[in-house]
Every structure is written in C-alpha cells, then in structure tokens.
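A short write-up of the structure that comes next.
Quick note: numbers below take in every heavy atom, side chains included, and nothing from hydrogens, waters or symmetry partners.
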Amino acid sequence: MAKVVDRNQEEEEDDDLLCQQNGKKLSKQKRKQLGISCMLNTEVGAVLAVIRRIPDPTSQFISTTEEGFESSMLNSLKSLRGLIFSPQQEWHTIDPSIYLAPFLDVVQSDDIPAAATAVALSAILKILKLEIFNENTPGARDAINSIVTGITSCRLEKTDSTSEDAILIRILQVLIGIMRNRTSYLLTDHAVCTLVNTCFQVVQQSVSRGDSLQWNARHTLHELIQTIYACLPEFEAQEAENSESETEDADMGTNLDSGYGIRAIVDIFQFLCSLLNVVEVVDVDGSTATNSDEDVQLFALSLINTAIELSGDGIGKHPKLLRMVQNDLFHHLIHYGMCSSPLLLSMICSTVLNIYHFLRRSIRLQLEAFFTYVLLRVSKEGVSPQLQEVALEACISFCRQPTFIIEMYVNYDCDPICRNVFEKIGKLLCKRAFPIPNSSLSSMQIQAFEGLLNMIHNIADNMDEDAESRSDRLHPVAVTEYRPFWIAEKNNDDSLESWVESLRMRKSQKRKIMIAADHFNRDEKKGLEYLKMAHLVPEPPDPKALAYFFRYTPGLDMNKIGDFLGDPDEFNLQALKEFTHTFAFSGMTLDNALRTFLETFRLPGESQKIQRILEAFSDRFYDQQFSELFVSKDAVFILCYSVIMLNTDQHNPQVKRKMTEEEFIRNNRAINGGKDLPREYLSELFQSIATNAITLFGQSGSSIEMNPNRWLELINRAKSMDPFIVCNYHHSLSRDMFGCISGPAVATICAVFEQGDEDEILNECIEGLFSVARVARFGLEDTLDELLASFCKFTMLLNPYASAEETLYAFSNDLKPRMATLAVFTIANKFADVIRGGWRNLLDCLLKLKKLKLLPQSVVEPDTSSPSPSDILTHSKSESGVMFPALDTGYGITRQTSGLTGRFSHFLSLDCTEESLTQAGTEFEQNLKIIRQCRIGNIFSNSSNFPDDSLQNLGRSLIFAAAGKGQKFSTSVEEEDTVGFCWDLLITITLANLHRFTSFWPSFHENLILVAQLPLFSPCPFSEKAILGLFKVCLQLLSASQSEKLPEEFIFKSINLMWKLDKEILDSCSVSITQSVSKLLTEYPANIQTQLGWKSVFHLLSVSGRHPETYDAGVEALISLMLDGTNISRQNYAYCIDCAFGFAALKISRLENSWKIIDQMVESVNLLIQWYQTGYSDPGSSASISNMSSSSFEELKAHNSSTMSLFIKLAEALRKTSLVRREEIRNHAVQALQRSFVLADELVFTSTNCINCFNLVIFAMVDDLHEKMLEYSRRENSIKEMRSMVATLKLAMELLKETFLQFLRPLAESLGFRTFWLGVLRRMDTCMKAELGDDSELILHQLVPDLLKEMITKMKEKEILVHKEDNDLWDITYIQIQWIAPSLKEELFPTDD
C-alpha cells in the first residue's frame, strides 16, 4: 500500500515538472510575439510622429499638416496599431501584407516627408531581418514581391540631397535584406531583375554624389550578385531547358508559382554583359570618335567575375547562359581587350581566367581567339609598355595553372586547323625575357623569365611523375598514310596510349603542313607535290583536302590561293566549292559575308576568275541565308558583282565621279527574280561599302583584326567544333611540347645567366638547367647538349686565349664560373644518361681543371700500389693518378624550392650551402672545395647506368681528347700526362661496363681508327697508354668464368691496332705486355676462345719476350702452357709452334730452355695424334671417328688434312730451328724432327703427305744447311762454323735416310716417286761434290755412300727398285750411282743384274 502511494506521488511530481516546462515554452513564445508587437508598435508610432512633426520653417520644402495626408494611409497605420496587441496573436500565421502595406504606402507616397520614408524603410528592414514571416506564412509570396514593388517605387520628390542620400542608402539596405531573407526564393524573375536594376540605378546616381553612397551602392550590387548567383548550382537542369523555349513570356508566367530561376539569372547576366558595351559613336566634324566609360566597364567586369566565381561550372548546365558567355561576353572581352587601358585589360584577363577554370570545355575557339587577338598581339612591340606588361602577366598567370600548358598544346598546337597557342606563348616569354646586350635585366624581362622557368618546371615536374615509362624510347611519329588532317581521328581503342599517338600524328601533320606552305609560297607545283608526298592529300588528290589546306594554313601566299581557286580546271572548281563550304555565313549580311570570304585570299584581277569565285560564294551564301530575302542564287551573284563594282568605284582614287546611292539602287532593280530588293536593304549595303571598303587586293599575311563578321563566323564554327579537351600531362606529349620551345628556351636561359648579376637570377638559371635536363631524358638529348655547351663556356675554363693564371684568377674571383662548374658536373652526375655530344665540353673542362691542378686529392692522387684486375671495379686508381670512388647510389633528383641561399645547393643534393661558394679561406682551398663538391669521380664510376648512346659519346670524347684533338700541350710531359689521364678514364668506364662490352666497344674501336687517321695524330704516347689500358680490359674480360668470343675479338682487334700504329711500343712496353700475356696464359688460358685471341697472345708473347728482362717470364708461361697441353687446340696450335720457335731460336735463350721448348714441340705430336684419332673434338670431347656418320666423311677428310698441315707446321718450325747459329740447338732440332716423324707414324701418312713433308721440310732443311755450309767454307776464319754446320748436315742427311725408309711404302705408291727419288739422289750428289777444303769433306764422302747403300738395299728388299723393262727407275738409279758413288756400283748393281 505504501508503494502505491509513493508511485502516485512521483507521478504527480512529474506532471508538475512537465507543466512548468510547457509554461516556460509558452512564455518564451509569448515573449517573442510580444517583442514583435512592441517593435511594430514602435515603428508605427515613429512614422506617425514624424508625419505629425512641426515642419522646419527654414526648410525649402513646404510640409502639410496631418489632415493633408491621405486619410487611408493614416487610417491603415492606426488600424495596424490597433491590431498589434490583440490577444493570442501569432505573427508568423498572419498575412504579412497586413503589417507591411502601411509602411509600403508611406514609402510610395509623394507627400510624405523624407524622415517618414526613412523610418518606414527602417521598419521594413527590421521586419525582414527578424523574419516575422517565413515561406509557410500565408501570403508570403505576395508580401515579399510587394516589398520589391514598393521599395523600387519609392518617391523622393520632396527630399533634399542630403536626406535623399540617406534614404538611398536605406533603400540599398532593404534590397539586400530582401535577398537575404529566407523567403527570397519566392521572388519572381521580374522582381529579382528589378532589384538589380534599381541597385544599379542607385550606382549611376551615386556618381555625382558622395563617395559613401557610391561605395554602398556598389557594395550592395556586389552582394546582390553574390546572393543570386550562389544559388545557380541549385537550379535543376530542367529549368535550363525551359529557358530555351521560344515563348519566353509563357515560360515566365509558368514560373510565377515557383519563384525566380534561371531566367532571371540569364537576364541579369545579359544586363551585366551589356554594361561592357558602353562605347558611343559620336560624329565630330565628319569624323567618328568613341567615348567609353571605363569605370562602368571595370565595375561590370568585377560583377561578372563575381557571378562566374560563384556559379562555377553551373553555367555550363544552362545552355542560354552558356551561350551568353560564349558569344556576348567573349566578344566584348576580345573587342575591348584589343584597345583598352592596362587596368581594364587586367580585369579582362582575370575574367577569362575564371571562365577558363569553370567553362573551358565550352570555349575552345573563344579561348584561342582571346590569346590570338588580345594577349599575343598586345604583347608584341609597338604597344605601350604598360599594356605589354599586363598581357605578359596574364600569360604567366595562365601558365601557372596546373594543366594549362598541356591543354593548350593538346587543343591547339596539335590541331592542324588551330593556331599554335602554347608555342607562341612559350616563344613570347623567351623573347620578352631575352636580355639586351650590355644592359641589366628589366623587371619585365625578369618576370618573363620567371614565367618561362615556371613553364619548364611544370613540364619537368609532371614528366618526373611519369618517369617509369621513360625506359621506352620515344619514337618520332611518321605520317605513312593519308588521314584527313582537319578531322580528329575517332579511335575505337579508348586507351591513353592510342589517344596520345593520335595527337602526335596530328601534330606531325601540322608540321608537314607548314613545310608544305613554305614550298607552296615558293612554287605552287612543288607545294602540291609535297602535300602528296607527305600524305596530306590522297592519291588521286581530294579537293576537300586542298580546300582545308588553303583555308586554315597561316602564312600562305594569298595571291596564289586566289589564282588556284579561280582556275577553270574541274579539280580547281571542286576545290573552290569545298573551300566555300568551310565558311558559315548564317546570320551575316551579304557585305559582311563577302568581307569574311575575301579576307582569306586575294581576289584575282582576271574577270573570269572573279566570276567563278563569286558564283561559288553566292551558292554558299544563298544556302545559308537566314531570311527569304533572295529568291535565287543568281540574285545573290548579281548583287555580289554589283557590290564589288561599287567597292572599286567608291575607293579607287582614279575614279573621279563616284556612284551615288540612287544610282546603286537603280542599277540593281529587278535582279531578285524580276523584282526589286528592299530599298532599305540596298541603302544599308551602299552605306556599309561607302564607309568601310572591302579589301580586294590586300597584302598577303597582313594582320587580321577580330571584327563582328569574323566573330560571327567563329561562333558558327564553334557549333560543330569538338569540345575543349581537359587532360593531364603525358611524357610523350610533354616531350614534344618542350621540343617546340627548346631552342629559344635554352638560348634565353644561357643569355640570362650570362648577363644576370643577382644571386636569385643565377639560381633560377641553374634550376632551369636542371629542369631542362629532366625533360631531356625523354628524347631531347641534343637540347641538353646545347645547354651544357653554353654553361661550360660560363665556367671560364674553355677560354683559348686566356693563360692559366688568368683562368685561375677569373675562376677564383667570380661566383658565376664556380656556379656554372658546379652545375655542369652535377648535371653529369645526375643526368649522364641524357648527355651525348656534351661530353666533349665536360671533358674539356675536366682537362683544364687538371692543368690548373684543381682536381682534389680524392680524384687525383699518386698511385702507390698495383691493384689486381679483380680490384679494378671496386676502387680504381690509375697510373695517371685518377682515383674513382665507389658507386653512388643516389641517382634520383627532385626539384626543391627552399630559401634563396640554400635552394641551389639543396637542388644539387650537396651537403653545402651557397655560402660555401664565398666562404673564407685561401683561393686554392676554396676552389678545391668547389671541385670536390662536383664529385667528378662518380661520373665515371657510375657509368654502368649510362645508356649505350651516352656511353659511346663519352668514350668518343675521351679517345679524341687522348689523341690531342682540341688540346694544346706546352711540353711533352704535359701531353703524356693528359693522354694517360684520358686513357685511365676510358679504361675505367670500360671496366665498369664489361657486362655490355659488345654494345659499346665497336664504336670505341671505330673511333680509335678515326683518330689514327687524323692529319696531326702522333701515335706516341697515345698507343703506349692505350696498350697498357687495353690489356687491363683484356684481363678483366678473360677472367670471367664463361667469357664470350665476341668481346675477345673486339679487344684484341683494338690491341693489335694500337701496336701496329707504333711497333716500338712492343719494346718500350715489353715488361707490361709480357706480364699481361703471361697472366693470360697461366691463369685464364681456357677462356681464350678465338683464333684472333690466340694469335695475338702468342705473337705479343714472342715479340715482347725477346728482351732479357722479359725472356724468363715469357718462356716460363710458354713452357707451362705446352707442358699442360690442355689448352692447346687445333685453333691455336700453329700460333703456339710459331711462338715456341721464336723463343727456341733466340740468341739470348739458354740451352736448357731451348732444348726444353724443342722437346715440348716434339711432344705436341701426341696431341696431333690424339686429335687425329678423336676426329673433330679437341681433348676432353667425347666425339670420335667411330661414331661419325657416313655423311661426315668429307668433313673427316678435311679434318685429317688439317691435322697433317699442323704437323707440317711443326716440322717446318723445327727445320727453321735447325738453321740457328748455335750447333747444340741445331742438332737438337734435327734430332727432335726425327723423333717427330717417328711419333707421327700413327697419323697414317699418305703418299702425298709424305712427299710434301720431304719437299717442305727435309729437302728444304738439307738444302739450307748445305748452302750455309758452303757459305762458311768460303769465309775466312769460319772453319769452326763450317765444321759445325757439317755435323748438323750429317744429322739432317741421316734424318733424310731414316724418314725415307720409314715412309718408303707410301712414297713408292706415289705417282711422283720417280721425281722424288731423283731429288734424293741429287742431294746425295751435292753433298758428295761439296768442296770444303778441309777434312770435313771426308765425313760427307763416307756418309753419303752408306746412306745410299742402305736406302737402295731397302728398296730392293721391298721390290721397289727392280730391273724391269717398263720401269726406268732402275736405270736412272744405276746411272746416278755411277756419278755419286761409283764404288757402290758393283755392290748394289752386280753385273748379273
């Protein structure tokens, strides 16, 4: 029970609390309503009080008494006062007209004092600000519109000027209060327009009044425009469609229920545009003059800017509003932009920039016209400097927009029928920024230069974002087939790349069109032929293509166009027809259309040509006439001809009696299908021609102004034009875009840097240099080379007329040379992949620094060790003192814009500031620090990142510099030092790029050949330094585990070329060469794979190893190779034998070494046997004769023949060794030869091989030894040498006998055995008859019979020498024995035989 009571108590307490809260709410609403009632009561009382006030006797206005006022006005005020405090009154539910009407009556009354009007206006303003009524209040629409009506109908007849200003200010406040009220959207279109018109009237009246009123009026109008146009994006597109209706009045009526909308906005915008056209034509003493109110124009432009800024792209959603921007507004902007003050031009440019931001998709041709006829024209010389500066500032402002320059390039420069807007802007900035010689930079030049740099930076920054695709080299676009150049190709492929390629194709067409124009102006036929060749017109030619070429190509000779179009040939007539179809004459009068038509060419003087041209024009004009004035084309043609005649009559000074208007009208009677044209029409036509001549014979290329006719044609053309393309940057387009202005831009940067003195300007030039480098990476290498060449001159290091002291002084005492030096070498570090021909200039600077001893110790340092080839790549230090630091990993670079003092250094990614360029310290230390910051060594150690083109150009520059090209040496030491320095750099970059040796070394080799052919080329010390460096490369190449043949051939070709230039280097560099070759043969013989490589190695070893200091190393390497035998193959066997012979036969060779070499030569026969038995393969191969197919038989024969030729090579080497002076070596060689023949028995000698061996080796050896023996016998005091030679000859004869017996069977089978045997007998006979005058003869006399006896006996046993009737070998032998050794006759040839 207690709980129930408690619950009831709680419920009662809650009800009390709710009642209290509701009471508070009710009391708050009552207080608000009471406050409104009090305010209205106060305002009504104030109005009545002012009306009842005793008039001022000094006032010029006579005030009436209260009874004099309309009783209805007073009654309404009193009635309102009686209703104000009615019980239960809620003002937002009452029709506002009840409490507004009395105040509006006061405002509109003619007899009310100014003070009462002011109080009434104040009351209305309070009502609006307190928002007593809202959109849900009954009668709110009528009320808000009635306020507009009442305020705009305010009467001020009985008001002095001071009071009138106050009331006008109060009216302005009410106007803005209306638009800010929440019910303002209920205003009708008419009401809104009335508001704006009323406010503008106040603005007009304020011109002659105080500044306060004028300021308030203008401010209020701005507020109104802001409020109105801020609502534009909220309007539905349907309203825009309704505004297109032809019955605008009907639409206005249907809009009344929904409040104001697009129609009011359109009307207001049209009104604002009309304010620009304030030029009044005044006739003064027969001449015309124009007066314009620039102040109104500026004010109108500010309002238009406000409207555009707030509307944004919403204007584009409403066609009528958009057409006003496209037509009326732009026409005024261009017209007044051509002849305005600097302030007005500045406002016009700001307006166009705003339109560009929001509506550029719809103003393609208008924007082109603005730049062509306003900015670019005003910027030219001949215009006031102030206007030029404004136009230049405007161009720069446009270029600062993120995508402006790329959009200009895409929409205009890549369109063959549009002007090159981007290119002209870029070249304009270059021209304006280019300094005048021997003068400081003006503010305009600095401004233009900053604009140019901003353009370049913009391109470079956006290309960096797309740098991933830089690996694909940009290819030039070639026009390979005919495509209509006036039509943008619609590609089915929507990809970005295809669109870009299409644009590049059109740009290429445009370039060719300009070339064709140049040819056409020189020779019409050549121009038309070039059009065909460039695929700009099809085959057979299309008249339409030529028509568009004549119509839209600037700079064409107008005389030639007119002559071509007037020609009677059928093709020319078709071209004329197509030419006239490029014009849109809709909306033009006849004279204006004719003016437009004749501006594009010069009308020929021949009457028949004129007739044909006018007939074509008449047909086109008749088809496009906007009224039914002309009934036939003939009527148009007759009137055109009449107009031409009238024009000549009125404006030819030779015509004394001018045609009158009446005569002109009379001459054109009944030409319109038998009827007269309206007199007014002909009269206007006459006046137009009389006052403004049609240019019939204008000069080709004369300046064309934007006139109403041309503007109308532009608007007609814009209807069929593709919309403006909004796009972003692409590396291909950006590269082409910069290529259009690269030449002037580079020249301007260089000129400004040369003449600039301020640090800020110099820094900006350096930044421009880096941005050019960033763009040049995309295929503009020549541009960077040109810029580098200029900046290298600014280093003051390349002055050929300055001494070293003068150069050093200039470098030390001027900031500019040091900045240029730091910049060019930083470019070489960061953008070496882009440099091509610029390497030569950079290298010249580097060599000059070396001569000045400015290269720091980190680059030039004495060489204290000889690094191994494996260490060369990691940390190379050359014999000329060049030390190259390790690879620098930081390759990317981003433009930064920090403070003035740090910007350049930050941009170069250096750990210094600009102050380091001017800090304290000795000049030498200061200069050395600058050069150290250049990081010159990194350029060459990082060369592995260079593309092939850059690397090849760097190598070419180094080679030519090493050859002395462009260098002047004071001493031979300086020359040798420079050559060594260049070769060290060349070898360093080669070693850093061994992985792609074959891609660049052929170019290096060609350059070596070229420098060798230079007229003043001196092979010393060039070849000496070259051979040393090339062997370093060779060692590094062949040290690879799997070396390739091609690099090996390349490097040995270059090595051979160098020593052939100066063979003395084989002696002067013998130690180094021998060491290198020995290392190749001992460490990397398996990696030598080419015949050229082995030939070169063995040749250089044999030549360089003949010196005492190199002999031991050479012999050791050779013997080691031959002992191992693994790396001797058929490919290098012959070269190895030649080398072995060279060492064995050397005079300085020790006997044991010679014997060892000869023994190894003999042992090599085993290799020949092995190769013979294994067929094709060298040792280690699994192929053999047994597994050969029958199809390889011919190759097998060739293989066997090759093996035998190698043996003969060996035998010949031993034969030549048998002729040396030392008997021990000769005898050892003969014995070795005998052993070789014994070992070679397994080679299966054929009869031919045997005879060849005898003829080439044994017979030759015997003959040579015999001859030397005889030679020594004839000399005095040479008995010892003769006896020594006899001993060797004895061994040779015994070798002959042994070999003869060894190969007797195959020899006997030879068809030439008879001749061969006679050769043996002849040599025996020669030895027997040798007259030596010494006991040595006895040795031979004893030897020969024994040899013959053994040989003949063996022949008999083998039945080779048999007495037969058909075999004369017996008889020949018998006869020869009688002469050689008669004592053997009976023994060998018994009488029985």
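For the pair L646/F686, a side-chain contact is recorded, criterion being any heavy-atom separation below 4.5 Å from C-beta on. Looking at P568 and Q608, their side chains never come closer than 4.5 Å, going by heavy atoms from C-beta outward. Residues L565 and N572 are not in side-chain contact: their nearest non-hydrogen atoms beyond the backbone lie 4.5 Å or more apart. Inter-residue side-chain proximity for K577 and P543 is flagged as unmet; no heavy-atom pair is nearer than 4.5 Å. Inter-residue side-chain proximity for L712 and N716 is flagged as met; some heavy-atom pair is nearer than 4.5 Å. Side-chain contact check for K512 versus P416: every heavy-atom pair is 4.5 Å or farther apart. In this structure the side chain of F485 never reaches within 4.5 angstrom of the side chain of R506, judged on heavy atoms. Side-chain contact between T553 and F520 is absent, with no heavy-atom pair separated by less than 4.5 Å.
At least one cation-pi condition fails for R620 and F617: the charged atom is not both under 6.0 angstrom from the six-membered ring centre and inside a 45 degree cone around its axis.
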| task | Evaluate side chain to side chain contact (heavy atoms under 4.5 Å, CB included) for L298 paired with E294, printing each intermediate quantity in order. | result | CA-CA 6 Å; L298 291 171; E294 185 177 300; 4.1 Å; yes
| task | Take D557 and N521 through the side-chain hydrogen bond (donor to acceptor under 3.5 Å, both in side chains) test and state the conclusion after the steps. | result | CA-CA 6 Å; D557 190 330; N521 290 340; over 6 Å; no
| said: Run K427 and E423 through salt bridge (Lys or Arg N to Asp or Glu O under 4.0 Å) and show every step you take. | reply: CA-CA 6 Å; K427 291 182 177 179; E423 184 177 346; 2.7 Å; yes
| message | salt bridge (Lys or Arg N to Asp or Glu O under 4.0 Å) for K510 and D415? Distances and angles first, verdict last. | response | CA-CA 7 Å; K510 191 171 186 178; D415 192 335; over 6 Å; no
| said: Walk me through whether N592 and T589 qualify under side-chain hydrogen bond (donor to acceptor under 3.5 Å, both in side chains). | reply: CA-CA 5 Å; N592 289 336; T589 59; 3.0 Å; yes
| message | Using the rule given for side-chain hydrogen bond (donor to acceptor under 3.5 Å, both in side chains), can you reason through T351 versus N305, listing the C-alpha separation, both sets of side-chain angles and the distance that settles it, and then say yes or no? | response | CA-CA 6 Å; T351 305; N305 270 334; 3.1 Å; yes
| Is there a side chain to side chain contact (heavy atoms under 4.5 Å, CB included) between Q204 and Q201 once you walk through the steps? | CA-CA 5 Å; Q204 290 291 84; Q201 289 178 6; 5.5 Å; no
| request: Test Q388 against S379 for side chain to side chain contact (heavy atoms under 4.5 Å, CB included), laying out the working first. | output: CA-CA 5 Å; Q388 290 184 29; S379 301; 5.7 Å; no
| task | Check the pair T648 / V655 against side chain to side chain contact (heavy atoms under 4.5 Å, CB included), numbers first and verdict last. | result | CA-CA 8 Å; T648 304; V655 178; 5.5 Å; no
| query | Do E615 and K633 pass the salt bridge (Lys or Arg N to Asp or Glu O under 4.0 Å) test, and can you show the C-alpha distance, the side-chain angles, and the key distance before you say yes or no? | reply | CA-CA 8 Å; E615 284 177 352; K633 297 178 182 179; over 6 Å; no
| request: Might you work through the salt bridge (Lys or Arg N to Asp or Glu O under 4.0 Å) test for D518 and R522, ending with a clear yes or no? | output: CA-CA 6 Å; D518 183 65; R522 296 171 185 269; 3.0 Å; yes
| said: Working note: T660 + R666, criterion side-chain hydrogen bond (donor to acceptor under 3.5 Å, both in side chains); need CA distance, chi angles, decisive distance, verdict. | reply: CA-CA 10 Å; T660 64; R666 185 170 60 251; 5.8 Å; no
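Rounding to the nearest 0.5 angstrom, the gap separating the CZ atom in R612 from the NZ atom in K609 is 7.5 Å. I262 contributes atom CD1, which lies 9.0 Å from atom CD1 of I315 (distance to the nearest 0.5 angstrom). Taking CG of N420 as the start and CG of D413 as the end, the distance is 4.5 Å to the nearest 0.5 Å. Rounding to the nearest 0.5 Å gives a distance of 12.0 Å between CE of M408 and SG of C414. Separation of atoms CG (L359) and CG (N354) is listed at 10.0 Å; rounding is to 0.5 Å. A distance of 12.5 Å separates NE2 in H318 from CZ in F269, rounded to the nearest 0.5 Å.
With respect to E407 and R364, no salt bridge is recorded, no charged nitrogen being found less than 4.0 Å from a carboxylate O.
Atom CZ of R419 has 12 or fewer heavy atoms from other residues, nucleotides or ligands within 6.0 Å. The number of heavy atoms from other shown groups lying within 6.0 Å of CE (M645) does not exceed 12. Heavy-atom contacts from other residues, nucleotides or ligands closer than 6.0 Å to NZ of K380 number 12 or fewer. Counting heavy atoms of neighbouring residues, nucleotides and ligands inside a 6.0 Å radius, atom CZ of R361 does not exceed 12 of them.
Formation of a donor-acceptor pair under 3.5 Å by the H651 side chain with backbone atoms of I689 is found in this model. Formation of a donor-acceptor pair under 3.5 Å by the S688 side chain with backbone atoms of E684 is not found in this model. One N or O on the side chain of Q625 and one on the backbone of F630 form a donor-acceptor pair closer than 3.5 Å. Of the possible donor and acceptor atoms, one in the side chain of N411 sits under 3.5 Å from a partner among the backbone N and O of I725. Here the side chain of N667 pairs a donor or acceptor atom with the backbone of E663 at under 3.5 angstrom. Checking side-chain atoms of Q650 against main-chain N and O of M659 turns up a donor-acceptor pair under 3.5 Å.
Ring planes of H519 and Y530: tilted class, angle from 30 to 60°. Under the 30°/60° scheme for interplanar angles, the aromatic rings of Y336 and H332 are found to be tilted. Taking the six-membered ring where tryptophan is involved, the planes of F398 and F370 are tilted, since the angle between them lies from 30° to 60°.
Side-chain polar atoms of D634 and S632 form no donor-acceptor pair below 3.5 angstrom. No hydrogens or angles considered: nothing links the side chains of T596 and N709 as a donor-acceptor pair under 3.5 Å. Checking Q574 against E570 by side-chain atom types alone, a donor-acceptor pair falls below 3.5 Å. Judged purely by distance below 3.5 Å, without hydrogens or angles, the side chains of S274 and N277 never pair a donor atom with an acceptor atom. Side-chain contact, N559 with R602: a donor N or O sits under 3.5 Å from an acceptor N or O.
The stretch residues 670-680 participates, sequence neighbours left out, in these salt bridge (charged side-chain N to carboxylate O under 4.0 Å, His left out) pairs: E662-R679.
Between F579 and the options Y552, Y548, F601, a ring-ring contact (aromatic ring centres under 6.0 Å, His included) holds for only F601.
Remark: aromatic rings of F564 and F550 are close, center separation under 6.0 Å. Aromatic ring centres of F597 and F621: separated by at least 6.0 Å.
Under the salt bridge (Lys or Arg N to Asp or Glu O under 4.0 Å) criterion, K431 pairs with no residue, sequence neighbours left out.
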